[in-house]
Structures are given as C-alpha cells and as structure tokens.
Number of protein chains: 2
Amino acid sequence: MMRVEQAEAKPRPGRKRDHTRDPEILDAALDVLAETGYEGMTIDMVATRARAGKATLYRRWSSKSELVLDAVGWLKSRDLDHATLPDTGTLRGDLVAMIKAPNLRESERKLKVMAGIVSMIARSPELAAAAHEAVVEPRAAVNRIFLRRAIDRGEIPPDADVEKLSLVAPALMAYRVLMLGKPVEPEFLLWAIDHVVLPAAGVRPTT
Amino acid sequence: MMRVEQAEAKPRPGRKRDHTRDPEILDAALDVLAETGYEGMTIDMVATRARAGKATLYRRWSSKSELVLDAVGWLKSRDLDHATLPDTGTLRGDLVAMIKAPNLRESERKLKVMAGIVSMIARSPELAAAAHEAVVEPRAAVNRIFLRRAIDRGEIPPDADVEKLSLVAPALMAYRVLMLGKPVEPEFLLWAIDHVVLPAAGVRPTT
DNA sequence: CATATACGGAACTGACCAGTTCCGGATACG
DNA sequence: CGTATCCGGAACTGGTCAGTTCCGTATATG
C-alpha cells in the first residue's frame, strides 16, 4: 500500500519509546484549549499540532476529559520557584519586581486556558479543582508571601486580610484579559499596584 | 437582531405575528447558556425549555449564533434605570445601597451567562461587543456616576481615574463567581467596598 | 540482521446536533 | 363556519467528532 510521502520538515528526532512525548502533547492541548475552548477542541487538533497520531493520545489518556485534566495539571508545573522570589524590602518593590515579560506571558497563557474551560467548571468539580490549583492558587500564594512579609515589617496593618487581598491583583488581571479582551501590560499592573492593591493593603502613601 | 420576519406595521388575519414569545425564548436561551455554555447548548434544549418547536426558533432566528447574540442583547434590557439610582450623599452610601438581593441575583446571572460565552469572545467580535455592552458596560456606567458625584463633592481626589476605578468592583465579583465558583454575598461586597474600592478611590478613612 | 515494540496515520463506527421539511392542530378573523 | 395563518412536534439530512481498529514503518535491542 503506497503511502504518500509526507512533507519532510521533520525537525523532530527519532521516535522515543517511553512517554517522553507527554509534555509536547500536553502543551499542544493547552494551546488548542486556549485558542478554541474545551468544547471547540478536538483530539485531532491536538494530535496534529503535536505531530502525533490520534491513537497515540488514546494509548496514554482514556478520554478527552482526562487529557484536558492532565494538561491543566501540567500548567501548574510552571509555577514560580518560591526560593527565587524577589525580596526588595517593600511591598511595592516586591510586586513591581514581578512585572516581567516572562511572568506576564505565563499569566496571560494561564488566563486564556482558563477562558477555554470556565464554562466547564460548574459541571466538572475535578476540572475546577485542577484549574484552581494551577491558575488561582500559585498566584495567590506568591501574593500572600509578599503581604505577610509586609505585615512582619510593619509596612501594613497586622489585621490585613491577606487571603482576600492576595486575590485582588489576579482578579483585575483576569477581568482585563477575559472580559475586556485586552492584554496584560506593565502600565496596567503598575496602576493596579499603586492605585488599588497598595491602598487596599493599607500602605501609608509615601511622599 | 435580524429577525426573520418583521410584520408590525401590517396586521394580518390569523394568529398575531408580533413575536410575543420572543422574551420567553430568549430567557430560555440565557438559562441554557448559563447552565451548559455556548457549545454545550443545543437548539432543542432552548426550544424544549421554552415549550416551543425547534422550527419556531428558526422562523425567528436564522442560526444558533444569531439567537445567542439576540439573547445576550436581551440581557441588557434588564439594565438599572439611572433615574432611580441611590443618591445618599456619600460614595460608600451609594455603593452599599446597591447591595440588594435583586441586584445580586441579576449580576450573578449575567456573570454565569458570561462564563458560557467567554471562550467565544476571542472568536466572535460581534458576540464580544454584545457581551461587553450587556454585562461590562452597564455596571461600569453606574459606578462611574457614583465616582463622578464623589469627585464633585470633593469626597475623592479630582484626578481619580474614574474609568479604571469603575471596573474594580466588577472585576472582584467576576473573579469570585467565574474563577472561584463562589456566590456573590453581601459580606463580600461590603469588604470589597470598604477595603478595596474606597481606599483605591482615595476616600479619606472616616473614623 | 531478526525480532519486539510503539508510533503515525487512515479508515471506520456510532452518537450527536444544526438546520430543514412536513403535517396535523390551534387560533383569530371575516 | 370557513379559511388563512401560524404553531409544536416529529422525522430527516448532512456534517462533525469521540473513540476504535488496523497496518505499514521506524526504532531499539541483541
């Protein structure tokens, strides 16, 4: 049976035998998820983008929902290393130090993936939990650290509600990306920090 | 928009053709949209819930996307009447006066509908515009009025960024409903007003 | 080189759904 | 009461997609 010679363009190394390709497939799934949403995503799209066969995906994941669940979990592996977080001595310094292109790109990607699955969250508690752990929690955790440091320094009142405050900036970013369709830009984050987060935290306006 | 028939000016014999059932059908569409999302929603679901035939829906709307577009536009008709907005004399008073069960229910419904279509927003500019006008804009408009009044009173600095500030509370609500899956409760809004919105607006803490 | 393994791809099945067509019945109006 | 008109419902069509099966081939190992 003649097989059409497929366009070579094969930068891909030889085939591997274990599950080495999982990351590529999960990344492809996340891309498709962000572009088309859960319902619009097809297994074929993911397979094609990962240069894999549909059968290969089903050898590893038993269903579309399992694949998505795993892909969202994979998002979490990109978490910031808490050991390398900025520690500038002021709350504002710490927050501003987080405004870096790679961080913004990563946040935006997470939010776009989130946009693709929000409609599923109400129907799938498992997916909701995975999304919470991959998107909401890591960001909140970093902010909690900064806020607690600020309390320890006496920079903000000790009775500040760290739990809720840690979600303010993420909420503003999510609203901007998901509801307004605008990108997250440094100027926006600077405004959010100086005019919302810091006043809300109770930082005494300096100068 | 784009009704299949427009016969208002020409009453004919037979059944009335004034599209009396449109509201019920659009409401049904919004319910299904909120429950299952755009892709999960089927025309049959909407027809069944509205106790109508599928053919009836296609007599009025040429496609599923037209129906959804119209339904989202219909959401806007629930806008608050600006003439009856509270005017308590303080920014906090105005904001707190908006915390009422009917308002909260309406906001939550809008946000759940929004959850069902966020993944479409990037792909359909028309739907994005309709959603913005029905969900984002009305709420922001009310907050802008309150903020401008506060500026006129000298309650907050005249250089406050009304445009951005009017989105802070909506962003917190949206994050809570869409990302955390929690309901909008009065206590949460009170916290948001007292600990985020007012400090951000620059209200002098009053004893 | 021989053999075992897993991969990509294509073909297939069954379910589901948008959109269409048709019909029997209900309703207003003359 | 007759008739024009619209309605709800059911049947149908065509396309799409999840999930399965099969096969030829590339790779690893000995």
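Letters go in sequence order (proteins before strands), and every chain restarts at 1. From a predicted model like this one, the values you see are computed outputs, not experimental measurements.
Checked by distance alone, Arg59(B) brings a side-chain donor or acceptor within 3.5 Å of a matching partner on the base of dG8(D). Contact annotation: side chain of Lys54(B) to base of dG19(C), donor-acceptor pair present below 3.5 Å.
Residue Arg21(A) places at least one side-chain N or O under 4.0 Å from the OP1 or OP2 atom of dG8(C). Note on Thr56(B): a side-chain N or O is less than 4.0 Å away from OP1 or OP2 of dG8(D).
The separation between Arg49(A) atom CZ and dG9(C) atom P is 15 Å, rounded to whole Å. Between Met45(A) atom CE and dC17(D) atom C1' there is a gap of 10 Å when expressed in whole angstrom units. Atom P of nucleotide dG19(D) and atom CD of Glu66(A) are separated by 10 Å, given to the nearest angstrom. Atoms CH2 (Trp61(B)) and P (dA18(C)) sit 15 Å apart, rounded to a whole Å. Atom P of nucleotide dG9(D) and atom CZ of Arg51(B) are separated by 10 Å, given to the nearest angstrom. Distance Asp44(B) CG to dT13(D) C1': 15 Å, rounded to the nearest Å. For the pair Tyr58(A) OH and dT20(D) P, the computed distance is 7 Å after rounding to whole Å. At whole-Å resolution of the value, CG in Leu57(B) and C1' in dT20(C) are 14 Å apart.
Out of dG8(C), dG19(D), dG8(D), the shortest distance to the side chain of Ala52(A) is found at dG8(C). When distances are taken from the side chain of Ala55(A) to each of dG9(C), dC22(C), dG8(C), the shortest belongs to dG9(C). Looking at the side chain of Arg60(B), the nearest of the listed nucleotides dA18(D), dC7(D), dA18(C) is dC7(D).
The backbone N or O of Ala50(A) lies less than 3.5 Å from a partner atom in the side chain of Arg21(A), making a donor-acceptor pair. In this structure, Asn103(A) contributes its side chain and Met98(A) its backbone to a donor-acceptor pair below 3.5 Å. With hydrogens and angles disregarded, no donor-acceptor distance shorter than 3.5 Å links the side chain of Arg176(B) to the backbone of Gly181(B).
Between Lys164(B) and His195(A), every side-chain heavy-atom pair lies at or beyond the 4.5 Å cut-off.
Across all strands shown, Ser63(B) has heavy atoms under 4.0 Å from sugar-phosphate atoms exclusively, and none from any base.
Nearest-nucleotide mapping onto DNA chain D: of Ser65(A) and Ala50(B), the residue sitting toward the 5' end is Ala50(B).
In terms of the side chain to side chain donor-acceptor pair (under 3.5 Å) criterion, Lys182(B) has no residue partners (sequence neighbours excluded).
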